[in-house]
Every structure is written in C-alpha cells, then in structure tokens.
Amino acid sequence: MTTFSIMVEQAQARVPVTVLRLQGDIDAGTQPILQDRAAEMIAMGTTHMVLDMSEVGYMGSAGFRAIHAINNLLDREQSDAFERSKYLKLLNPNSEVEKVIRTLGFDAFLDIHHDRDQALESF
Amino acid sequence: MEALHACGFLAGMPDELLQALAARCRVLTVGPDRAVVTQGEAGSTMYVIIGGEVRVHDGEVTLARLGEGEVFGEMAVLDAEVRSATVTTTSDATLLELERDSLFDALATHPGGFQAILHAVLQRERGIVHDVKTRTEQVLAYEKELEIGRRIQAGFLPDALPTAEHWQIASCFEAAREVAGDFYDAFELPGSGRLALVLGDVCDKGVGAALFMTLFRSLIRAASLYGFVDPRIDADTAGRAGASREQDTLVNTLVTTNRYIATTHASSSMFASVFFGILDPASGRLDYVNAGHEAPIVFRSDGECLTLEVTGGVVGLFAAAPYRAAHVMLQPGDMLLAFTDGVNEAKNAAGDQFSEQRLLELENVRALTPDELLQHILGQVRAFRGEAPQSDDISMLALKFLGV
C-alpha cells in the first residue's frame with residue numbers, strides 16, 4: 001500500500017492560487033485522493049491551481065486521468081481551441097515523471113514549471 | 001421476558017426457562033459506533049437486541065446487519081471459542097446480556113431448552129448453507145458474464161493478420177485479467193494494397209478499459225477504412241502541403257477519433273496511447289503517427305536500432321490535439337517491433353522493470369521470424385517476472401521485410 005498525502009497552501013499572485021503539494025506515488029489506488037481533494041478545493045472556490053510534484057516518485061496513467069479531470073473542473077469554458085490550460089500548472093515533476101508527461105503529450109496542454117514563483121506568476 | 005419471547009433464537013424454549021433466563025439477564029444501553037464484541041477475543045456473553053441496530057463485520061467487510069429480536073455472541077457462548085467476528089452498534093442500542101454460566105445453569109434445570117437451542121442453531125446453519133449457495137451462484141453468474149465479455153472482446157481483435165508478398169507479420173496478446181485494455185489491429189486498405197497496423201493501450205485495466213478498447217479500435221478501423229472525417233478538421237489538414245494520402249488517412253483518423261472520445265466521453269477522462277502505421281509493402285515505406293505510445297523499434301539488418309518516437313499526444317483527452325505523421329523506409333531484412341508497456345514495464349519480485357533497454361539489446365533478432373521474435377520476448381519477460389504476477393496486458397506486433 002503506497003502512502004500518499006496532500007498539503008494545501010493558498011498563495012496570492014495576480015489571482016489567488018491553490019497549491020497542492022503532493023507527496024508519494026500517484027497510482028490507481030491513490031488517484032481518487034488527489035481527484036477528490038482537488039474537486040473539494042474547486043467546490044470551495046479555487047479557480048487556479050498548481051500541482052507541486054516535487055515529492056512525487058511515480059505517476060501512472062491513473063494520475064494523468066486525475067489531472068485531466070481536475071483541468072476539466074477548472075476550465076469551465078471548455079473552449080474548443082488548442083491551447084494550454086490557463087487554470088492548472090505543474091511544478092517540479094522529477095525527470096522520470098516529466099518524461100512520461102512528455103511521452104503522453106500532456107506538456108502540450110499544461111505548463112511545467114521548475115520555479116514556484118514563476119508558476120504562481122504565470123497565471 | 002417479552003423481549004426473550006420475541007427473539008427468534010430463543011422462541012422455542014419453554015416459558016419457565018425463558019423466565020429463568022430473564023431473571024439472569026442484564027440490560028445494557030450502548031451508544032452508536034461501539035464494539036460490543038471483538039473478533040478474536042474470548043467471550044462468555046451473548047446478546048439479544050431489544051432496540052437499535054448492529055453491524056457484524058470482519059474488518060471492513062460487513063457480514064450481516066442485525067436488529068430488534070435478533071441475537072449475537074451466541075457462538076462463543078455455546079462452543080467457548082473466541083469471537084468469530086466483531087459486532088459494532090450502528091445506532092443507540094438496548095441489549096440484553098446473558099452470561100454463559102447463567103444460560104447453562106438455567107438449561108440444567110430445564111433440559112427441554114437444549115432441544116430448542118439445537119433447533120435454533122440448525123435453523124441458522126440451514127440459513128448459512130442457503131446463503132453460501134446463493135452467493136456461489138452469483139459468483140458463477142458473474143464469472144460467466146465475464147467470460148462472455150472476454151469472448152466478445154476477443155472478437156475485436158483481428159481473426160487473421162493480412163498477408164503481403166515479401167513480408168511476415170505476427171502478433172501476440174496476453175491479458176493480465178479476463179478482459180483487457182490493450183488492442184492491436186492489422187488490415188488492408190482496399191484498393192491501395194497498403195496495410196494498416198494499429199497497436200493501442202487504453203489506460204487503466206479491467207472492464208472499464210475493455211469497454212473503451214472496443215470504442216478506440218472500432219473508430220480507428222472505421223475512420224481509416226471508410227474515410228469519415230470530423231467536418232471541423234478539413235480546414236486543418238487540407239493545407240498540409242506535400243502530405244501523402246497515407247499521412248492524411250493517419251492524421252484524419254486520429255484527429256477524428258480523438259475529438260469524438262474527448263468530447264463525447266469527456267467526463268470519463270479515458271485515453272489510449274496508439275501507434276498507427278500504414279505500410280506500402282512494395283516499397284517498404286511506413287507512414288505512422290505515434291500518439292503517446294512506447295516507441296516501436298526498427299531492428300535494421302545491419303545491426304542498428306531505430307526507435308519511432310512520439311509524434312503526438314495520447315488519444316481521447318484534449319479535443320483539439322494535433323497529430324503529425326512521420327515515415328521510415330524499411331529495408332529488406334529489417335524487423336519492426338511495436339509493443340505495449342506490459343512488456344517494458346513488466347516487474348519482477350524485486351520491483352525492477354524489464355525495460356526497453358532489454359529489447360534494444362536483444363541478440364540475433366535478424367535471424368528470427370516475427371513470430372519467433374515475439375515468442376522469444378514473451379519467454380524473456382516471463383523468465384524475468386519469475387513468480388511475480390503479470391500486472392498489465394501484453395500486446396506486440398512484429399513485421400519483417402524479406403526483401404524483393
């Protein structure tokens with residue numbers, strides 16, 4: 001059983017941003033924890049979110065499904081154009097996770113930042 | 001006394017015995033969420049529920065819910081073994097507690113009571129036998145349904161691979177469970193002599209992945225065979241100068257399939273990685289789109305290896321995702337191997353992965369037929385895995401150009 005936890009931080013950039021600090025592996029077992037927590041924050045008013053992945057060792061396809069679902073919740077316009085998410089950014093995935101992000105093509109839709117301030121200011 | 005009368009377990013007892021028991025009972029009131037008896041502990045008391053409800057459970061698994069007039073704790077009282085399950089109140093509850101010694105004292109003076117208890121225990125046993133039978137029938141029914149699903153899904157894989165002069169083609173498919181998310185397809189594009197080759201891996205496993213596998217496979221096959229295209233993408237692709245008809249088919253098929261699933265099934269967040277190629281058997285030219293899939297390997301006849309890296313993202317998530325086609329010229333003696341991550345991510349007991357590197361380092365590939373190559377890899381993966389279970393579906397496609 002993998003352990004997985006989430007720390008929530010609120011930051012103020014040009015807009016208020018919720019930072020979810022993810023700790024542990026994201027697989028089919030832990031993915032609902034991430035998805036439910038993000039949905040809860042969005043229901044409570046979060047409009048912009050950063051997923052801090054500094055402490056994520058592994059992310060499987062279930063994690064990508066969660067990221068897609070979270071972006072769907074944040075992006076209420078569901079515009080048809082091909083564009084990067086204005087509401088969800090990824091911070092500091094390790095090189096293994098980043099490689100998978102690029103292989104699956106998620107980098108075309110989500111900005112990947114390696115500096116927290118830069119991620120916050122990007123909204 | 002009334003409560004004991006109302007209790008099915010004790011109902012058959014003579015009135016004098018019930019009276020004797022009633023005098024020896026203690027009334028307990030218990031709040032919700034309290035464990036009255038705990039699995040594995042010794043116990044000398046049984047309980048009749050006068051009011052409220054309890055849950056009989058083994059850890060998280062609920063075995064039964066009991067209410068007014070029902071009894072629990074009697075097994076440990078009768079056979080003096082430890083408690084077989086935990087019983088927790090789910091509401092405020094009022095219970096009658098009866099000690100083993102009190103029960104046996106009362107039975108000693110009213111031997112007729114033994115017959116009533118024996119009867120009650122046997123009634124319960126008959127109930128259990130009936131439950132086990134019902135559940136076994138349910139499990140068998142589910143297994144039968146799953147087997148039907150497995151057979152129907154097998155029908156979504158090609159019955160036979162197409163043939164082309166000077167080429168050998170082979171495939172393999174091993175599901176980790178009854179139904180799978182992997183798929184492969186190979187078929188001739190009518191009138192052109194070209195072969196379409198598809199290998200895909202739907203995220204997740206089991207029934208959900210299997211349902212989406214049938215959708216992905218069908219859309220890709222239908223769109224490429226019948227040329228249907230989402231009208232919104234004509235403008236995107238019409239202007240791509242120099243694109244061959246094969247590349248148009250590849251791109252249009254994936255753009256259409258992606259848009260359909262990303263919009264129609266947006267809330268499912270289901271996706272597939274897909275390698276989709278169109279081969280011209282006469283020239284050895286392979287046009288392809290690699291949509292987020294493990295890079296297929298070309299084993300060149302001269303010993304070099306080439307990997308066909310991604311040219312687009314996974315299919316099914318982002319409606320407006322663009323796809324780009326690339327091509328490679330296969331030479332006589334070359335072997336192409338496409339595989340799903342059940343191969344390179346197969347794990348041994350220590351948690352190490354088989355890895356793509358092991359595929360790139362395979363020796364004597366050039367001496368093998370495609371079928372021999374796939375059997376060789378399957379053997380290697382099984383040997384590597386050892387006792388560890390197969391955690392993901394495995395599919396592979398291999399083709400070899402024998403030369404003109």
Side-chain angles (χ1 to χ4, degrees), chain A residues 1-2 24-36 38-39 42 51 57-88 90 95-112, chain B residues 181 201-206 208-209 212 230 232-233 236 254-255 258-259 261-263 265-275 289-295 307-324 340-342 344-345 347 351 353 355-356 391-393:
Chain A
M1 186 82 188
T2 38
D25 292 350
I26 310 174
D27 54 24
T30 61
Q31 169 251 334
I33 304 173
L34 168 59
Q35 205 168 320
D36 292 350
I42 294 164
L51 298 180
Y58 164 86
M59 181 161 76
S61 61
F64 288 93
R65 294 184 62 203
I67 287 176
H68 178 259
I70 293 167
N71 189 55
N72 269 358
L73 289 177
L74 287 165
D75 186 0
R76 294 186 168 88
E77 302 154 27
Q78 301 283 323
S79 100
D80 196 47
F82 174 63
E83 57 186 11
R84 289 165 174 279
S85 175
K86 296 192 285 265
Y87 311 98
L88 182 66
L90 303 181
S95 57
E96 278 299 301
V97 172
E98 185 163 344
K99 191 176 150 213
V100 184
I101 291 172
R102 293 186 189 283
T103 302
L104 299 187
F106 270 61
D107 56 321
F109 297 90
L110 295 172
D111 286 340
I112 304 169
Chain B
D201 180 359
V202 179
C203 62
D204 216 341
K205 298 175 193 61
F212 272 86
D230 185 314
R232 282 167 294 186
I233 64 170
D236 303 343
L254 285 183
V255 168
N258 174 64
R259 185 182 288 280
I261 293 175
T263 50
H265 299 282
S267 60
S268 303
S269 295
M270 289 293 277
F271 63 86
S273 66
V274 176
F275 178 80
V289 173
N290 181 348
H293 196 77
E294 313 290 322
T307 54
L308 308 182
E309 301 296 330
V310 294
T311 62
V314 288
V315 185
L317 291 182
F318 304 103
Y323 291 92
R324 181 178 65 79
T340 57
D341 59 7
N344 54 318
E345 292 182 7
K347 282 187 186 147
Q353 293 193 349
S355 87
E356 189 199 11
S391 60
D392 202 355
D393 309 323

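Order of the sequence lines sets the chain letters (A, B, ...), proteins ahead of strands, with each chain counted from 1. What you see below is based on every heavy atom in this structure, not just the backbone, and it leaves out hydrogens, waters and symmetry mates.
- Of the listed residues (B:Ser269, B:Gly313, B:Gly292, B:Ala291), the greatest number of heavy-atom pairs within a distance under 4.5 Å of chain A belongs to B:Ser269.
- Residue contact with chain B, scored on non-hydrogen atoms closer than 4.5 Å, is absent for A:Ala108.
- Using a 30° and 60° split on the angle between ring planes, A:His68 and B:Phe318 fall in the perpendicular class, above 60°.
- Between A:Asn72 and B:Ala266, the shortest heavy-atom contact is ND2-O, 3.4 Å.
- Within a 6.0 Å radius of CD in B:Gln353, other residues, nucleotides and ligands contribute more than 12 heavy atoms.
- When all heavy atoms are compared, the tightest approach of A:Arg65 to B:Cys203 is CD-SG, 3.5 Å.
- Counting heavy-atom pairs closer than 4.5 Å to chain A, the top-ranked of the candidates B:Val310, B:Val314, B:Leu317, B:Asp341 is B:Leu317.
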